[in-house]
Amino acid sequence: MQEEYDPNIIESKWQKIWKDEKIYEANPLPGAEKYFITIPFPYLNGNLHAGHTRTFTIGDVIARYNRMQGKNVLFPMAFHVTGTPIVGLADLISKKDPQTLNVYESFHKIPKDVLVTLDEPEKIVDFFKKEAEHDMSIIGYSIDWRRKFTTTTPEFKKFIEWQYERLYDLGFIVKGSHPVKWCPVDKNPVEDHDILKGEEATIVEYTLIKFRYKGYIFPCATLRPETTFGVTNLWFNPDVEYVLASVVSGELEENWVVSRECFEKLKFTDREVEFVKTVDPKELIGIKLKNPTTDNTIITLPASFVAGDTGTGVVMSVPAHAPFDYIALKDLEKEDLSDFGISSDDISNIKPVSLIEISDYGEFPAIEVVEEMGVKNQNDPKLDEATKIIYRREFHSGTLKPNTGKYSGIPVSKVKDDIIFDFTAQGLAEKFYEFSEPIICRCGTVCVVNMVKGQWFLNYSNPEWKNKVRKCLSDMEIIPEEMRTDFENKIDWLKDKACARTKGLGTKLPCDPKWLIESLGDSTIYMAYYTIANHVYSGVLTEENMVPELFDYIFLNKGDSKTVSEITKIPSDKIDEIKSEFEYWYPVDMRSSGKDLVPNHLLFYIFHHVALFDEKYMPKAIAVNGFVSLEGEKMSKSKGPLLTLKQAVSEYGADTARMYVLSAAEQMQDADWQKVGIESARKQVERFYYFSKDVLESGCQIPSPNDPRAHIDKWIESRIQYYIKEVSEGLKTIRTRHAIQNAFFLIYNDIRWYHRRGGTLCLKEVVETWAKLMAPFTPHVCEEIWHEFGHEDSIVLSSYPSVNPEKIDIVSETSEKIIIDTMEDIEEIIKVTKATPSEISLYTTPQWKVSVLKIIFDSISQNDESEGKAVNPGPIIKEAMSDPEIRKAGKDVQKYIQKMIKEIHNIPSKFVSDYLKYSISEKEALGHAKEFFEKEFSCNFFIYDYEDIEKEPDADPFKKSKFAEPMRPAIYIK
RNA sequence: GCGGGGAUUGCCGAGAGGUCAAAGGCGCAGGGCUUAGGACCCUGUCUUGUAGAGGUUCGUGGGUUCGAUUCCCACUUCCCGCACCA
């Protein structure tokens, strides 16, 4: 081995060998268990960075682990370039945007002279795909590169066209309109970076309830359409400007009365609106009309809390359940409304209608909360809080009352969508979109919600489709399992998604080629393409011959090879070979990804699979991991800070970077990349290397199974089994931090202890196992050690350690624990007494104490723990005294029992049970460490058991032996 | 607002009813080894303690239990996603 650990030399050496030996090129091996793992391909608008390093390294570790499990592993990679960011970046570079140039030069580390040439999307793609492949190679990912592609290659586009034709045929692609944030001056959708104020705003879907009066419509915007049953009156604000507008929506032509602001907003909806005239609010107030859901007569009343710029300016009033409405009515009781033609009887006749049942509240929750909070009037700021409380409680735990007819008894949270659907069908309601807070465009204009019409959608809201996805999800493994709820929630939440755009790179939508397929939609089933991409690479499959019939046959088993062969001119046996490769590799066994992709990519991945493929090709498992920040700061590709993968590898080496990023945080947690952290990781890897080197140079050999082992040899072999188990469990559940803790740090601590205890026999064996355990994480240094240890084959394909039950040696482990505990006790005494021992005696427990301990322990184990009663000493004393051997000890027995009952819980129960079960001889156990103790404490040691003391009483001059207890010898320090 | 996840000893982070003064790492301190070391090895790192012990701790306040960092309730507080954008 090299004198100095130089990751550069070791890593490039092995990377070259692995590549030359095509060790990661995966081909179907009949009979061998296959394992197909994919990681979402990177988007190439920059260099790979620490975040990729984490996600991809996790994937690589899983791939390597499964390879060492003897599986035939396929781990492919490709590049995503579809969409607008690359086009936008090319634009910024060609314009020499200073910030962009600065970020790409100083964070992405692209030399200025190269950077300025990247002024076209294609050049960016070409540049970064080479960089990305190079980066993934120098960090040692075990990728089959014969399957790489970018998402704009003609061949891949043929595949995407086929996918979208199939989706269209299946009815999953539909035309419709959707709301976007829109600047009326720029006449463009506003994206987050275009927003001056209101970045937090979201588009909220209101329901317009249409109240009718003499051919006019008073549309009320509400988030709670279910409360329509309880409407007692409507609100107009006398100080707001109202207009009458003609509103045409499809076939329907209506006259709406809304606020001026609302009228302006309506222009951007998918309705055609025309101004008719302004309306004096006074004319609107005092009108009597019908509640369409109940046929009750209701009245229109004045209210100052009604805002013209929110909703329609017309508000329906549900005093039983809406604090604003109740308090506004109360305000009116004091006022003279004769100007509006409203009598005081009109007001006093209004009775709140209760329609939602909730525990903790009576009939009229709004009244209760208003009174509890002491709300003064409708302009009291406390009303917002009161509204929130009621809304939340009623939504989450309310159910509808019998006066809601067919909705009676159903929870509010469940019934809302049905009510909206029914009301809409009955012509009672329409949808209306509004921002959660005002948005101001960079140009200073107040933005509106605009309906984009004629847009292509993937109708993810299709209930049948969703159900198939739910079913698929329930059969999948989700790692960590806690993420499953997230997936389930997101399935519910997912609505139709626009799947076409006009800008960017991508594939044309087959059913309407003036549109481009949206970039999240072309990365949903590309894993299937990996299984045939090697034939694109080799030239068998070409743009010309990749026709829909070919894909139908390969992926969907439709048609026959003869016909497809005639169309494509590919020999039919070749087609069948390709098809069989797909069938061999599919489904995907594991897709591992960052958690940001859960609500979009990973969800679509399932949706498209259930839509297109046979049930046997459904994804098997998804694993999700957290982000990486940089010294506590969020990384940003476009703004910095950023640490590139290349930089990390060149500064610290691939093995160190890999080990560090996977040990920095567990799975779902975000990892913070810190200089001190990775530097410490480098030391660890170095230590591993040098330690292995020392073992190699010591000439230590692996003992044969029959060679006699000393106590400490059995101990380390046993401990290793425990770590093998922990590491394997960590890897199976992708808890890489746990795996590394065990595979590296904890194992190393035990090896150090073994070394310190004078163990040498098993060192080589242990280091070899250690190298194998670490091989998925730090493959290069492990391969190096493996070869230096005399192996000809590659560690990549060696078998991962598995637990050998024969090496588990409880007696050695328990004995060693007694030794360690005793040593700690001695150290503590020395510390407290500040003595320098000249001689130390240990006295082991008398047998009767062991017998008593057994009685107590059995009695506790028999007591069902859940019963949870304190141990009663009575029966134990009785039982102990019936044993003549114990009885001899006389009154010490009772004292010991009482002490032990208290303390037994403070001893690990496994330790006690093993001690008792294997009748550990303490004298023998401590005997294993006599020389070690003498060396450690630099004094003579004497170990006596109880019989020894009886024979030579001088051995215990201070009668310390009476303190001896099972597992805790008495100590006398001279 | 909706949904999800957190708060542990100087820091990062394990732990999920008794094994816990609480793994491991980092940092810090002392010692050893060394020509030297930012390498390595040992020890210590809440607090008291001249015999292996005691005291006070795991966001705050209650509760369940023989026993709670771990379970329940309330509160405080932090983070993340919410769409046409990859």
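Computed from a prediction, not measured in an experiment: that's the story for all the values here. Labels below follow one simple rule: chain letters A, B, ... track the order of the sequence lines, proteins then strands, and each chain is numbered from 1.
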Assign the ring pair [X] / [Y] to parallel, tilted or perpendicular, where the plane angle (0 to 90°) is split at 30° and 60°.
{"X": "Phe937(A)", "Y": "Phe933(A)", "answer": "tilted"}
{"X": "Tyr660(A)", "Y": "Trp673(A)", "answer": "perpendicular"}
{"X": "Tyr460(A)", "Y": "Phe607(A)", "answer": "perpendicular"}

Side chains of [X] and [Y]: donor-acceptor distance under 3.5 Å anywhere?
{"X": "Glu666(A)", "Y": "His738(A)", "result": "no"}
{"X": "Glu922(A)", "Y": "Tyr915(A)", "result": "yes"}
{"X": "Tyr164(A)", "Y": "Asp522(A)", "result": "no"}
{"X": "Lys595(A)", "Y": "Asn625(A)", "result": "no"}

Whole-Å gap separating [atom2] ([N]) and [atom1] ([X]):
{"X": "Leu603(A)", "N": "C84(B)", "atom1": "CG", "atom2": "C1'", "result": "14 Å"}
{"X": "Lys831(A)", "N": "G30(B)", "atom1": "NZ", "atom2": "C1'", "result": "13 Å"}
{"X": "Glu936(A)", "N": "G32(B)", "atom1": "CD", "atom2": "P", "result": "16 Å"}
{"X": "Trp673(A)", "N": "C12(B)", "atom1": "CH2", "atom2": "C1'", "result": "16 Å"}

First encountered from the 5' end of RNA chain B, between Thr822(A) and Thr485(A): Thr485(A)

So which one's nearest nucleotide on RNA chain B is more toward 5', Asp670(A) or Trp493(A)?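 The residue whose closest nucleotide sits nearer the 5' end is Asp670(A).
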
Can you confirm if the aromatic rings of Phe932(A) and Trp753(A) lie within a centre distance of less than 6.0 Å?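 Between Phe932(A) and Trp753(A), which both carry aromatic rings, the centre distance is below 6.0 Å.
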
Side-chain N,O ([X]) to OP1/OP2 ([N]) below 4.0 Å:
{"X": "Ser663(A)", "N": "G25(B)", "result": "no"}
{"X": "Arg968(A)", "N": "G52(B)", "result": "no"}
{"X": "Lys683(A)", "N": "A39(B)", "result": "yes"}
{"X": "Arg682(A)", "N": "C26(B)", "result": "no"}
{"X": "Arg752(A)", "N": "C42(B)", "result": "yes"}
{"X": "Ser519(A)", "N": "A86(B)", "result": "yes"}
{"X": "Gln669(A)", "N": "A14(B)", "result": "yes"}
{"X": "Arg737(A)", "N": "G15(B)", "result": "no"}

With a non-hydrogen cut-off below 4.0 angstrom, is [X] in contact with a base, only sugar-phosphate, or nothing?
{"X": "Gln684(A)", "value": "sugar-phosphate"}
{"X": "Val676(A)", "value": "nothing"}
{"X": "Tyr748(A)", "value": "sugar-phosphate"}
{"X": "Lys497(A)", "value": "base"}
{"X": "Arg756(A)", "value": "sugar-phosphate"}

Taking the C1' atom in each of C82(B) and A86(B), what is the distance between them to the nearest angstrom?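 The same atom, C1', in both gives a distance of 16 Å.
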
Between U19(B) and A23(B), how far apart are the two C1' atoms, rounded to whole Å? 13 Å

Using a 3.5 Å limit on both pairing distances, list the dot-bracket string of RNA chain B from the 5' end; Watson-Crick and G-U wobble pairs count, crossing pairs take [ ], interstrand pairs take |. ((((((((.[[[..)..(.....]]]((((((.......))))))(((....)))...[[[[[..)....]]]]])))))))....

